[in-house]
Amino acid sequence: METITIKDTIRQVLESILNHNNFEMHDELTAKDVDGWDSLSHMMIITKIEEAFNIKFKLRDLNKLKNMGSLVSVIQSKL
Amino acid sequence: MNLNLSYRELHKLAKDLPRANNAIKIAVLGNHTTNFFCKALENHLLLAGYDPSIFEGDYDQIDMTLIDESSQLYNFNPEFVIVFESTLTIKDNFYAIKSNLDRSQYYKQLSNKAKSRVSHLKNNNCNAKIIYLSYELIDDALYGNLFSKIPHSFYNQLWKANNALINISENENSFYLFDINKHLSGTTNHRDWPAYINSDLHYSIDTFAELSYHVTLFLKALKGNFKKCLILDLDNTIWGGIIGDDGIDNIQVGALGIGKAFTKLQKWVKELKDRGIIISVCSKNNEDVAKTPFLEHSEMILKLEDISVFVANWNNKADNIRYIQEVLNIGFDSMVFIDDNPAERDIVKQSLPLVTVPDLPEDPALYLPYLSSLNLFETASYSDNDKDRTLQYQQEAERRKSITSVTNMDDYLKSLEMVGTIESFKVEDIPRIAQLTQRSNQFNLRTKRYTDEDITRFKNSDNYLTYSIKLKDKFGDYGLISVVILKKINKTTFFIDTWIMSCRVLKRGVEFFALNKIVKDLLNSNISILTGEYLETQKNHLVSDLLDNLSFSKIDEGFKYKLELNHFNPIKNHIS
């Protein structure tokens, strides 16, 4: 799957959970930069991403997640 | 309310709900990350029509929070304290114990902790009920199935600890055990292990959603909102086939065909009836045909005497359920209707949205497992009195018949030959009294819910005068049907803290009978003023003018009242 398609799905997930689109989908984006992306919404985002791509994050995957770029590449590696 | 909501769906549904005017205050104390549980619980309570405030204790600080008299917990003053300990954390604590002897006594540590938590709450004058989640039975697989012979095995200790919690619950009125294991066994993947290691999430967020659904049901029951009546369709619901077409020899119940599935359902219904749930029938049938299996089929578990109200005709089922509701005089929200026919269910759902109408699976083998999974019959109390209720409702149906033949209400009441007793609380009545305070919604002046302990406290205190009222008439004995609790304000004045009555004896003049006796009693103790107030709820409109009818006068524009006892004229009634 192309990076751009993955990013678009992630964007949709974020919008549906956070109810806004005030963020840019660049690789350095982190949770801190996005309104409402806290530890509570984080678990919802992660489970929804798992569902959307039909994947399951392993512990090592979770540990690699630093920013948007790493999220995209972890997802890509599992498809 | 819906059992199968994921955490996210629940979050979406609850987000824009307006808050009802129905506060509930809950503290959640845990030894793991409880914020998802708190959030899901808040959302489920919102869906259930409450305005929840939730106090979340600091991470793994259960005892500190409870011991510290100045802690925010006591400032928050919760109605319920939920203690939610994760077995995964407990396991780490257990492994830190070195000696096998100490390990074999670990369950005592856990149960002593539970006991001391109850006393901390009491010592800090907190009247909250404590809801204790049982320990998840996680086998650490050190001893396999030999665990039961190894007292120092972790799995062995968990079983014993849960058993000890049951013992506490049996002896401690304010302590309720919520069993987590039965809910977890139904869910696959109830834990997300990577998320546990990575974010200390001890259960998956969807599991938190499901647990909080069940906790909400329990809280509703403890708040007095629970199911009282089960209404059954007949054909293809409690037996296989159609009695009007197939005849008594061919309906499937017991050994015949798939009859076993229906028999199992009937046995469960019978157990519910014995526990105090009112069973009614609502069927599209001719009444005599519908009754034949109950009278003549040898393998029917349910008999006619188990059914409080039997309605079989060709009317709309929603109308028939309205009729049942009138006879029983209970709220629609306390009724469950079971019918195999989706169209009938739909009519009832649309016309009577408050009635719970489970979507019965198509396969009768799944009826009972599905119905039990919904956990519809949570309850807050149980008393032996519950068992007799069916007879009382049948007697009420008889009375209804005789009321139509008597035109003059006074004559009717006289013809009932009612005999009342009023006395201060007796020890053996305490559970029934507490139960009345929890169950009664309509004839309830101030809707104060009390536990057995509260009632005992009132009984023994000089600052309270307590009255329980019993009634019987020529049709039968109602038992204890009304409770009045008066609180001392000063030497000459008492205040009506509680006045409740079972709706089974509405319009009988019980309140007049009671007040006459109470006034006499108060005057004998040189008390000259009785004050009272009406606290409005969604359900107690019935008593909005109770104090007016009892000849109290309004103190102000609101609902505060006063009665000068020296000027009181006894009110006429027909109870001797």
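Residue numbers start from 1 in every chain, and the chains themselves are labelled A, B, ... in the order their sequence lines are given, proteins ahead of strands.
Atom CG of B:N21 has 12 or fewer neighbouring heavy atoms from other residues, nucleotides or ligands inside a 6.0 Å radius. More than 12 heavy atoms of other shown residues, nucleotides or ligands fall within 6.0 angstrom of atom CD in B:E9. Within 6.0 Å of atom CG in B:D92, more than 12 heavy atoms from other residues, nucleotides or ligands are found, so the atom counts as buried in its surroundings. Counting heavy atoms of neighbouring residues, nucleotides and ligands inside a 6.0 Å radius, atom CG of B:D363 exceeds 12 of them. In this structure, B:M64 places its CE atom where only 12 or fewer heavy-atom neighbours from other residues, nucleotides or ligands lie under 6.0 Å away. Heavy atoms of other residues, nucleotides or ligands lying less than 6.0 angstrom from CD1 of A:I4 number 12 at most. In B:Q72, the CD atom is not crowded: 12 or fewer heavy atoms of neighbouring residues, nucleotides or ligands sit closer than 6.0 Å.
Across A:K58, A:K48, A:H42, the residue that shares the most heavy-atom pairs under 4.5 angstrom with chain B is A:K48.
Contact between A:L62 and B:A195 at its shortest, heavy atoms only, is CD1-N, 4.0 Å. Shortest non-hydrogen contact noted between B:K15 and A:N19 is NZ-ND2, 2.5 Å. Residue A:S39 comes nearest to B:N35 through the heavy atom pair OG-ND2, 4.1 Å, listed as atom of the first residue, atom of the second, then distance. Closest approach of B:F36 to A:L40, counting heavy atoms only: CE2-O, 3.3 Å.
Using a 4.5 Å cut-off between heavy atoms, A:S41 makes no contact with chain B at all. With a 4.5 angstrom heavy-atom cutoff, A:K56 touches chain B only via side-chain atoms. When heavy atoms are compared at a cutoff of 4.5 Å, B:D206 does not approach chain A at all. Looking at B:S199, the atoms closer than 4.5 Å to chain A (heavy atoms on both sides) all sit in the side chain, from C-beta outward. Heavy atoms of A:D61 lying under 4.5 Å from chain B are absent altogether.
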Q: Check the pair B:R8, A:E51 against side-chain contact (heavy atoms from CB on, under 4.5 Å), reporting the backbone distance first and the verdict last.
A: CA-CA 12 Å; B:R8 279 201 316 271; A:E51 268 173 42; 2.9 Å; yes
